[in-house]
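A short worksheet on the structure shown next.
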Amino acid sequence: MSRSFLFLPGNNPGSLQNLDIFNADSIIIDLEDSVTFDTKDEARDLVYHFLSKFMFKTPSIYLRINDISTPFFNDDIDVLDSLEFKGYVLPKATKESVISLSKKTDKSIIALLETPMSLVKSEAIISLKQVDAVLLGAEDLTTAMKIESTVSRQEITYVRSKLALECAAHETLFIDTPYTDKDDLAQLKNDCLQAKILGANAKSIIHPNHVDVVNTVFSPTTHQIANAKRILKKAETHQKGAFNLDGKMIDKPIINRAKNLIAQAKKYQLL
Amino acid sequence: MTKKPIIFSYKQLPEEIDIHDFKNISFHHHLRNGDTVLNNVLQIYENEHVKKLNLFPSAIFPAYTKILDLLKNNQINGITTNYMNGPVADYLSHQPLPGKITMQTHGGRARRILNNQTTLDIAYIASPYVDPYGNAIGYKGKSVFGSMGYAIADAQKAKIVVLITDKLIDTKLEDPEIDGSYVDYILQVDSIGDTQGIVSGTTQITTNPIGVKIAKQTTSLIKELGLLKNGFSFQSGAGGISLRVTENLKEEMVHLGITASFFSGGITQYHVDMLEAGLVDKLYDVQCFDLAAINSLRKNTNHMPISASVYANPEDPNQVIKDLDIVILGATEIDYDFNVNVTTDSHGKIIGGSGGHSDTASESKVSIIVSPLIRSRIPLIKERVTTITTLGKHIDCLVTERGIAINPKRQDLIDKLSKTNLPLKTIKQLQEEAFKYTKQPKKLKKYDTMIGDIQDRTNKIIDHLYKK
């Protein structure tokens with residue numbers, strides 16, 4: 001499980017060379033929006049040679065390929081699929097495009113939901129077994145809906161909640177939309193907290209300087225870790241199932257949540 | 001105190017001073033790229049066909065183009081300076097002088113002038129605010145530049161001192177930076193330059209992710225070394241990463257509720273903000289890097305202009321940097337022995353100089369180099385630097401985006417850090433990481449025509465410059 005998914009342009013050698021220094025849990029190398037139409041081949045070649053030479057245990061590497069309606073979709077997969085990387089981010093994902101992609105690869109798929117129709121039909125996409133995570137693309141969505149992107153992000157409250165619920169129902173990771181103001185780290189934190197409260201498990205990022213804030217918000221807090229430890233300690237001595245801790249009933253789902261939280265804390269070296 | 005003779009134009013200079021006889025002439029660089037005094041004075045030397053000049057500007061900036069004309073006319077014998085960059089530096093990298101280039105440090109220059117090892121015949125001192133008695137300050141007037149630190153030794157020791165000003169007041173100045181008793185002439189002109197020219201491109205806090213990461217690691221290093229404590233002292237210079245470290249330290253200081261005793265060297269808005277927030281007691285300012293620093297010097301009594309000697313002369317009993325805890329410095333190259341080059345590029349072309357680099361590294365309790373491991377596909381770490389600016393024995397730590405190397409000579413620091421989570425590596429390990437991406441660069445051709453010396457603040461020649 002990753003907290004942070006950092007987009008880096010696939011046509012920039014300097015960015016690729018440094019992809020492992022920003023502390024992002026996952027990197028999304030972008031061949032789509034950050035690469036101009038006339039340099040698609042160039043970027044694909046660069047990524048091919050880079051990933052042929054350098055392999056990474058951490059961070060996990062994903063490639064955002066071009067969407068299925070473009071002539072580059074098949075080229076991207078045909079050239080790059082044999083390389084070592086975790087999976088694909090599929091832009092403008094639909095049920096059909098996910099199925100098409102999954103026929104060409106065994107790698108993990110993150111469905112990027114960024115059109116009104118994909119949000120209407122989101123559960124059908126999330127329920128596909130090939131989809132490991134969904135990523136909300138709020139900028140394209142709000143543009144398509146002809147609504148303003150606001151600082152408060154009130155306009156995406158519903159879609160965040162909808163995706164969070166559907167992802168939880170299908171045990172799929174929900175990655176929130178990126179925050180686009182490069183320099184406003186205070187508002188970034190608010191945006192992360194809001195997404196987390198609604199049920200997002202992670203956040204996508206478009207600038208490396210955002211990674212620390214995102215990782216912090218989506219990590220267990222010191223208080224949560226201490227509480228989880230107490231729950232698990234008491235659970236060891238109570239074999240009957242439910243028990244009382246600080247006046248609250250603790251049962252199996254809460255114990256499981258505590259176990260997950262401790263596992264996360266270990267993974268992020270917070271213990 | 002007597003009123004000084006006033007000269008009313010540059011053209012009148014040869015009538016008052018025998019410029020043919022006095023060959024060693026000095027300038028300061030406080031107006032940096034905004035300075036017009038150096039070019040206008042040297043125009044007179046060109047007009048008068050003065051030969052065999054020895055120039056002693058405290059630094060040479062790209063705007064100082066008249067030096068180039070005199071070089072091409074073969075009018076210059078030697079140049080002694082602390083830093084040079086731009087067309088003059090490019091030219092000198094390829095064309096040897098009849099004499100030589102001598103690169104000094106800020107403290108070393110002051111030391112040699114004050115103990116008479118350097119003989120200055122005429123000091124031409126751009127001065128924004130002057131009284132009739134030759135007293136001057138730098139932080140008032142229409143062409144303000146703040147502290148006059150680099151000109152003070154010149155004023156005290158040059159045989160002839162000429163203040164060049166565009167603001168001559170009627171009343172006597174109290175507490176001047178340049179004491180009128182040293183001054184011989186006042187040259188009154190329309191303008192000594194453009195204040196805006198003092199702001200260099202580097203005085204902005206970096207937002208580059210690599211720089212941000214290095215600054216963050218540096219802040220952690222300072223904390224883990226136990227240096228961030230009440231009353232600590234600090235110098236950061238004006239580089240983007242260094243300023244980011246300053247900003248990070250500010251947040252830590254607020255969080256910890258501690259204050260610093262002083263910041264020294266070149267001063268920027270970021271340092272001023274901390275003074276005004278009560279986070280640092282004093283700013284010792286040898287050079288203002290932006291307009292906020294100049295304004296602060298005028299109004300804040302705890303923001304004090306100091307001379308280059310008080311700043312960094314090892315023979316000055318009041319030397320400020322002897323009490324410095326931490327200095328953050330840059331590097332163009334660093335080698336296995338932690339020698340640092342900020343004077344030439346890897347091809348030997350002159351692109352800078354020590355300034356206060358070597359001085360502060362020598363004196364501070366901990367010196368920290370901050371730099372990306374790879375710059376434009378060129379790895380930072382070399383087996384041996386092209387030119388030694390600061391000896392490795394004075395450099396304690398190197399912080400890059402891929403880890404931190406501590407000079408093995410500082411076992412005390414290594415011991416302190418051994419139980420921390422900091423990414424400590426040897427300097428060779430860091431080099432190997434860079435080579436993964438760049439491969440090992442080809443060894444460059446060695447040049448053998450010596451054109452100049454690198455002079456340490458102790459007067460030792462620690463390296464040479466070679467013709468490309």
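Everything quoted here is computed from the prediction, not taken from an experiment. Here is how names work: the chains are called A, B, and so on, in the same order as the sequence lines, proteins then strands, and each is numbered from 1.
Other residues, nucleotides and ligands contribute more than 12 heavy atoms inside 6.0 Å of the NZ atom of A:Lys267. The neighbour count for B:Tyr336 OH, taken as heavy atoms of other residues, nucleotides or ligands under 6.0 Å away, is above 12. Counting non-hydrogen atoms of neighbouring residues, nucleotides and ligands closer than 6.0 angstrom, the CG atom of A:Asp106 reaches no more than 12 such neighbours. When the shell of 6.0 Å around CZ of A:Arg257 is examined, it contains 12 or fewer heavy atoms from other residues, nucleotides or ligands. At most 12 heavy atoms of other shown residues, nucleotides or ligands fall within 6.0 angstrom of atom NZ in A:Lys229. Within 6.0 Å of the NZ atom in A:Lys86, the count of heavy atoms belonging to other residues, nucleotides or ligands does not exceed 12. Other residues, nucleotides and ligands contribute more than 12 heavy atoms inside 6.0 Å of the CD atom of B:Glu252. For B:Arg377, the CZ atom counts as loosely surrounded, since its 6.0 Å shell holds 12 or fewer non-hydrogen atoms of other residues, nucleotides or ligands.
Interface with chain A: from residues 422-438 of chain B, residues B:Lys436, B:Tyr437 qualify, criterion being any non-hydrogen pair under 4.5 Å. By a heavy-atom distance cut of under 4.5 Å, B:Glu401, B:Arg402 are the residues of residues 399-409 of chain B near chain A, going up by number.
Of the listed residues (A:Ile21, A:Asn18, A:Asp212), the greatest number of heavy-atom pairs within a distance under 4.5 Å of chain B belongs to A:Ile21.
Using a 4.5 Å cut-off between heavy atoms, B:Leu373 makes no contact with chain A at all.
In terms of heavy atoms, A:His207 sits closest to B:Thr207 at CE1-O, 3.9 Å.
To the nearest 0.5 Å, the span separating CD on A:Gln17 from CD1 on B:Ile210 amounts to 8.0 Å.
By the 4.5 Å heavy-atom criterion applied to side chains, A:Gln269 and B:Asn421 are not counted as neighbours.
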